Amino acid sequence: GTDPQPRLGGAPRSELLVAPPAAPLAAYGQLAEQQRLTVLLPLQRGSSLDGLPRLKGADRLWPIVPARSLEADRLAEGLLAEGIRRVMVVRDPSADSRALSERFIASFNNGRGVVIGPTGEPISVNADDRVAVEQLIGDVDWYRPPALVVLTSPGSALARRVQEATWPEGLLLAWPFRLQTSLAQAQLGVDPQSRGKAWQGFAEHFEQRWGYAPGLVESAGYDTGVIAALASVRAAGQPGWDLHWFNGTAKPLPLCEALQLRREGARLRPQGATSRLDLTAGVSPGADLRLSRRAAAATSAATP
């Protein structure tokens, strides 16, 4: 979260810089402009992206992963496709969840969906506040929405409270992330592992080598490495280490083919695991997001 200028100002380095997760974009934009750097943002997903295109130096800042707003759009689309036009929405107090809820409501309203509840707005709940959690449960019981949309991060305190609570029969729980466990309620989620053409091959090789399935962090690292490898290629007398060769509208190519064409000086786009890699400076890439559905877990009747 600190200004990179003091550490990077006089250090010898490449003209390609990989920023840390959730980097302070204003500081990195200024640094990129002053020192003519190309900056990759491997894990930049939250509300900081909202003003990115207007920042100084934004034409040198390249987000690698899709914005979370795409997950909100896909979730709204999935609910509407199932004929669900009335939902309650709960979120945690974080700025990212607030931004996600605003995007969800905009998408849901555009499809003529309606958010219901005490105020007709998303309910902000601190999961450590027992009274607030109980109030949420009571509100859902009173309004009886077909679905409760839970806009938070996987494994968060709010997600756990919702998973542990008892809800009215028939309520659908909708999440902006991959479904993690079976519950007494049916669930709808957004699968984050269906984003780019390189995902399947990347995931198979990753698990063979490391022994566990990759997620967003791992695939973001892979895509960043692909971009860096291609940027390093010297072609047509140019020293490399920029993204002038990148063509976000070209047909996505496997890495080996992309490397060969880069050596020939071609403008191209590689296949991505995390996204479509339709990259543009200052704008997050797109993604192919798949919905997943999980039926309510069967409960055994009590023995008389």
Side-chain angles (χ1 to χ4, degrees), residues 45-47 50 67-192 289 291-299:
R45 307 197 70 209
S47 55
D50 294 342
R68 291 198 71 197
S69 57
L70 292 185
E71 293 161 4
D73 291 343
R74 189 69 181 97
L75 191 59
E77 177 186 299
L79 289 164
L80 292 166
E82 295 199 11
I84 297 175
R85 299 191 176 276
R86 296 168 59 253
V87 300
M88 285 182 67
V89 178
V90 62
R91 66 172 179 84
D92 62 50
S94 70
D96 284 350
S97 290
R98 181 174 65 249
L100 196 63
S101 67
E102 291 171 355
R103 181 63 176 249
F104 173 83
I105 289 175
S107 295
F108 198 61
N109 287 347
N110 283 342
R112 299 191 177 182
V114 177
V115 175
I116 62 173
T119 64
E121 297 289 335
I123 303 169
S124 177
V125 172
N126 181 344
D128 295 326
D129 185 339
R130 181 178 58 83
V131 174
V133 173
E134 291 176 352
Q135 181 66 55
L136 171 67
I137 295 171
D139 288 341
V140 171
D141 190 51
W142 175 263
Y143 286 94
R144 293 296 172 115
L148 175 64
V149 180
V150 188
L151 298 178
T152 188
S153 300
S156 71
L158 178 59
R160 293 195 302 271
R161 298 295 179 272
V162 171
Q163 291 165 350
E164 294 164 359
T166 300
W167 302 104
E169 185 177 357
L171 178 72
L172 174 71
L173 295 177
W175 312 88
F177 49 75
R178 188 183 188 187
L179 301 179
Q180 298 174 307
T181 185
S182 294
L183 301 173
Q185 286 72 40
Q187 299 176 84
L188 183 71
V190 180
D191 190 343
L289 300 179
L291 293 173
S292 53
R293 185 78 187 252
R294 186 170 291 189
T299 56

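Owing to the predicted nature of the structure, the values given are computational and were not obtained by experimental measurement.
Ile137 is not listed as a side-chain neighbour of Thr166, based on a closest heavy-atom distance of 4.5 Å or more. Inter-residue side-chain proximity for Arg161 and Val125 is flagged as unmet; no heavy-atom pair is nearer than 4.5 Å. Side-chain contact between Val87 and Val115 is present, with at least one heavy-atom pair separated by less than 4.5 Å. Side-chain atoms of Pro145 and Arg86, non-hydrogen and from C-beta on, never get closer than 4.5 Å to each other. Side-chain contact between Arg85 and Leu80 is present, with at least one heavy-atom pair separated by less than 4.5 Å. The side-chain heavy atoms of Asp141 and Pro168, taken from C-beta on, include a pair separated by under 4.5 Å. Counting heavy atoms from C-beta on, the side chains of Leu100 and Arg91 never come closer than 4.5 Å.
Formation of a donor-acceptor pair under 3.5 Å by the Trp167 side chain with backbone atoms of Val162 is found in this model. No donor-acceptor distance shorter than 3.5 angstrom exists from the side chain of Gln163 to the backbone of Gly155, with no hydrogens or angles considered. Using modelled atom types, one side-chain atom of Ser156 and one backbone atom of Ala159 make a donor-acceptor pair closer than 3.5 Å. Of the possible donor and acceptor atoms, one in the side chain of Asn110 sits under 3.5 Å from a partner among the backbone N and O of Ala106. Side-chain atoms of Ser107 come within 3.5 Å of backbone atoms of Arg103 as a donor-acceptor pair (strictly under, hydrogens ignored). Between the side chain of Arg293 and the backbone N or O of Ala186, no donor-acceptor pair lies under 3.5 Å. A distance-only check finds a donor-acceptor pair linking the side chain of Arg74 to the backbone of Leu289 [under 3.5 Å].
Ion pair Glu164/Arg160 not flagged as a salt bridge, since none of the NZ, NE, NH1 or NH2 atoms sits closer than 4.0 Å to an Asp/Glu carboxylate oxygen.
Note that the CG atom of Asp73 and the CZ atom of Arg68 stand 12.5 Å from one another [nearest 0.5 Å]. Between the CG atom in Asp191 and the CD atom in Glu71 there is a gap of 10.0 Å [rounded to 0.5 Å]. Atom CG of Leu173 and atom CG of Leu183 lie 6.5 Å apart (nearest 0.5 Å). Taking CD of Gln180 as the reference point, atom CZ of Arg294 lies at 9.0 Å (rounded to 0.5 Å). Note: Leu158 CG to Asp128 CG = 10.0 Å, rounded to the nearest 0.5 Å. Rounding to the nearest 0.5 Å gives a distance of 10.5 Å between CD of Gln135 and CG of Asp129.
Across every non-hydrogen atom of Val140 and Leu148, the tightest pair is CG2-CD1, 4.2 Å. Between Gln187 and Thr181, the closest heavy-atom pair is NE2-O, 2.8 Å. Between Gly78 and Leu291, the shortest heavy-atom contact is CA-CD1, 3.3 Å. When all heavy atoms of Ser97 and Thr152 are compared, the pair lying nearest together is OG-CA, 3.8 Å. Pairing each heavy atom of Ser182 with each of Ala297, the nearest pair is CB-CB, 4.2 Å. Closest approach of Asn109 to Val114, counting heavy atoms only: OD1-CA, 4.5 Å.
Ring orientation note: the planes of Phe108 and Phe104 are close to parallel, at an angle under 30° on the 30°/60° scale.
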Margin query: Is there a side-chain hydrogen bond (donor to acceptor under 3.5 Å, both in side chains) between Ser94 and Asp96? Walk through the geometry before answering.
Written below: CA-CA 5 Å; Ser94 70; Asp96 284 350; 5.8 Å; no
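A search for side chain to side chain contact (heavy atoms under 4.5 Å, CB included) contacts involving Ser292 returns Leu179, not counting sequence neighbours.
Applying the 6.0 Å contact sphere to CD of Glu169 captures no more than 12 heavy atoms from other residues, nucleotides or ligands.
Here the options are Val190, Leu188, Val150, Leu151, the test is side-chain contact (heavy atoms from CB on, under 4.5 Å), and the partner is Trp175; only Val150 passes.
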